[in-house]
Amino acid sequence: MSHKFLHTESPAWVAEGLITEAQRQQLLARYPPDAVPAVGLLPLLGSLLVALSALSVVAANWAALPPVARLALLLSSLVGAYAGGHYFVQRGNRTLGRGLVGLGLMLFGVSIILVSQTYQLVGYDASGLLAWVVAGVALAYAHRSRMLAALTVLIGAVVQTYCTQALGSYSYATAALLAGGLGYFWWRRPDGLLSTVLSAGLLWQAALWVGVSHAKITWFFVPAMLVYAAGDWQANRPAGRAAQGPPLIAAYLFALGLALFGETDAYADLLRPPVLAYLGALGAVLALSVAGKKQRGRLDTLPDWLLLLPGFYLPGGLPLAIATLVVLYAHAGSVLLRAHRAGDADQLTLGTVLFVGATMVAYFKLTWAFLDKSLFFLLGGVLLLGLSWYLRRRNARVLAAAGAPGAAPGPARPTE
Amino acid sequence: MASAVAAVPEALPRFKLLPRLLVGAQVLYVLGVAGAGYATTALGKAVVLAATPADLTTLKTTDFVRLRYAVATVPRTQWQGPDEPHIRQSVYVLLTSAGAPAAATVLGVYAAEPHAEAGQAVLRGWVTDVFPRTLGLRYGLERYYVPAASVLRKSTVARPLRVQVRIAPWGQSRIVEVSE
C-alpha cells in the first residue's frame, strides 16, 4: 500500500472511527515512504548516458578504425557484457545479471554482422547468423532463463525474416531450433509470457515458410494448429492456454476475413489446397489435439476447432459467407457457454465481444445490399443497442450468481 | 512454477563452466568470421567487376555507397535453367577473365551451379527483376562500406570504378578493393 495514499486517507478513517490515532501511526510506520525513486534511477541514467557517449564516439569513428581495432572493440564489449552478467548472477542479482547476458547475446549478433561488414564479406546462406540462434538457445538452457528464451525467439524471427527476404531461402535449421530447442525448454518450464512469445514466434516462422514456398496460405494452419495441440498437452494449463492464444487469433481473423471477403470465387480459389492432403494433415493435428485434451481433461475447449472448419471449399458467394457466419456464431456461443459454466468474467467479456463482432459482420454482410441506407444504419444501431443491453444484463446476472457461492467450484453452481 | 527457478542456488557450482564455454565459443566464432574474411582474400578467385557509384552524396550521412555493377543486368538469352527465372531466385553467374586485370563479363546465368573452366569464376546472386529482354541481378556486394582513406571520399562526381572481388571456394565472397 502506498504511503502517500495512507497519509492522505487515514485522517478521515480516524475521524469516522474506523481506526484509532495510535493504529493510524502504526499503519504509517508499517508502510514507510519509499526511498525517493528518482535517486535510485540516477546511477542507471548516468551509466546509460556514458554508454551512449561511448557508442556515439565509436560510431562516428567507425570508418576510420582499422579492422583489427574494430574486432578488438567488438570482442571486448562482448566479453565485458558476459563477464558482468556472470558476476551479478553469482552475487545473486539475477535480474541485472541476466539482463547483461541478454546484452551479450545481442552483441554477439551485432559482432557477426559488423565483422562481416568490415571485411565486406557476403555469405549466401543462413549459416553465419544461425550461430546466433544456436547461442541463444544454449544460453537459455545454461542460465535457465525464460527471458533469454524469449529473446532467442525474437532473434530467430529476425534471422528467418532476413533469410527469406534477402537470401530467398528458408532456414529449416532456425525453425527446428526454435520449435525443438525452445519448445522443450517451454515444455519443462512453462510460463505465460514465454508461451505467448514462443507461440507467436513459431507462427511467424510458419508464415514465412508459406510465403517462401508459394503454398496456399491455408497450409499455415497445419503448423499453427500443431502449436495449439502442444498447448493441449502442456501439463501447466495457464501456460498451455497462453500458447494457444496466437493460433486461435490467427484462425479467428482468417474466418472473419472469409466472412467479409470470401464471396468472390477468385479469392476463395487462392485458399483451396488439395482436399485430401489438407484435410488429412489437419485431421491428424486435430486427433493429436483431442488426445491431449482428453489426457488433461480439457475437452471443454474442443469448440475452438470450429474456427478451423474448411469452409473455403464451399463455392464462393453467399453460401460461403453464411456458412462462415454460422461458424463464427457457434464459436462465440461456445466461448460464452464455457465462460458461463466456469463463471469466468474475462472469458465472458471475450465471448461477448466475439458475439457482437459476428453480429456486426453478419449485419453488414447480409443487409447492406437489401436495405435503404438510412434504414440500414437505424436498424443496425437499434440492434447493437439492444444487444448491448441484453448482454450487459446477462453478464451482471451471471457474475452475481457466480459470486454468490463464493469459493465453490464452477460446475457446482446451480444453473438458472 | 516459480519454485523451479527458486531452486537454482544449489546449481551454482555447475553454473560456472557451461556459460564460460559458451562465451568462449562465441568469441571464437566472431574470430572465425574475421578469419573467413582474410582466407577469402588469400584463397579466393580474383574477379574485377566494372561498377559506378549510385549516389556519392549519401556519404555525408552514411558510411557506405551503393554500387551499380555492369553485370547486374544481363540479356534473357543468357539464362540457363529448366524453368523460367523468378524474382528472389538464387542463381549462379558464370564470369570470364577471372584473375585478369580486365573487367569480367557474364557467360551465363544458371539455376544450378555450373562447372567453371580455368579463367572462369562463379559468383552467386539473386534475381531482382524479370523483364522481357533482360534479367536484373543482385550480388549482395552492392553496399560498399567506404574506408576513410578511399578515393570515393575525395569528390562527389560519380566515375566508373573497378571493384576487385574475391570468391572463396566455399562460397563466400568479398570486395577487396575499389579503385578508379
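Just so it is clear: chains get the letters A, B, ... in the order the sequence lines come, proteins before strands, and each one is counted from 1. If you're wondering where the values come from, they're calculated on a predicted model, not measured in any experiment.
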For chain A, which of B:Y144, B:W170, B:W126, B:Y139 has the most heavy-atom pairs under 4.5 Å? B:W126

So for B:I167, is it side chain, backbone, both, or neither that comes closer than 4.5 Å to the heavy atoms of chain A? neither

Can you tell which part of B:A25 gets under 4.5 Å to a heavy atom of chain A, answering side chain, backbone, both or neither? neither

Walk me through it: do B:E84 and B:R76 pass the test salt bridge (Lys or Arg N to Asp or Glu O under 4.0 Å)? CA-CA 10 Å; B:E84 286 298 292; B:R76 271 294 279 275; 2.4 Å; yes

With a cut-off of 6.0 Å (strictly less than), are more than 12 heavy atoms of other residues, nucleotides or ligands near OH of B:Y110? yes

Has B:R68 got more than 12 heavy atoms of other residues, nucleotides or ligands less than 6.0 Å from its CZ? no

Mark yes or no for whether A:Y141, through its side chain, and A:L182, through its backbone, hold a donor-acceptor pair below 3.5 Å. no

Over 12 foreign heavy atoms within 6.0 Å of CH2, A:W204: no

Can you say whether A:T164 sits under 4.5 Å from chain B via the side chain, the backbone, both, or neither, judging by heavy atoms? backbone

Measuring heavy-atom distances to chain A, does B:S173 have an atom under 4.5 Å in its side chain, in its backbone, in both, or in neither? both

Is B:E142 paired with B:R66 through a side-chain N to carboxylate O contact shorter than 4.0 Å? no

In terms of heavy-atom pairs under 4.5 Å with chain A, which of B:A34, B:G37, B:P147 leads? B:A34

Could you tell me which portion of A:L121 (side chain, backbone, both or neither) has an atom closer than 4.5 angstrom to a non-hydrogen atom of chain B? both

Options A:A135, A:G128, A:S145, ranked by heavy-atom pairs under 4.5 Å with chain B, top entry: A:G128

Could you tell me which portion of A:L167 (side chain, backbone, both or neither) has an atom closer than 4.5 angstrom to a non-hydrogen atom of chain B? both

Under 4.5 Å to a heavy atom of chain A? For B:L22 that would be side chain

Engaged part of A:L139 at the chain B interface, taking heavy atoms whose separation is under 4.5 Å: both

Pick one of side chain, backbone, both or neither for B:R138, based on which atoms fall under 4.5 Å of a heavy atom in chain A. side chain

When the ring planes of A:Y172 and A:Y170 are compared, do they come out parallel, tilted or perpendicular, using 30° and 60° as the limits? perpendicular

Need one label for B:Y29: side chain, backbone, both or neither, based on atoms under 4.5 Å from any heavy atom in chain A. side chain

The side chain to side chain donor-acceptor pair (under 3.5 Å) partner of A:D232 among A:R241, A:Q295, A:R298, A:Q244 is A:Q244

Under 4.5 Å heavy-atom distance to chain B, tell me which part of A:W132 shows up: side chain, backbone, both or neither. neither

Side chain, backbone, both or neither: which part of B:V127 has a heavy atom under 4.5 Å from chain A? neither

Heavy-atom proximity to chain A below 4.5 Å, by part of B:L31: side chain

Do A:R296 and A:W233 form a cation-pi contact, if we require the NZ or CZ to be under 6.0 Å from the six-membered ring centre and within 45 degrees of the ring's axis? no

Check the orientation of B:Y38 and A:Y119. Use parallel for under 30°, tilted for 30 to 60°, and perpendicular for over 60°. perpendicular

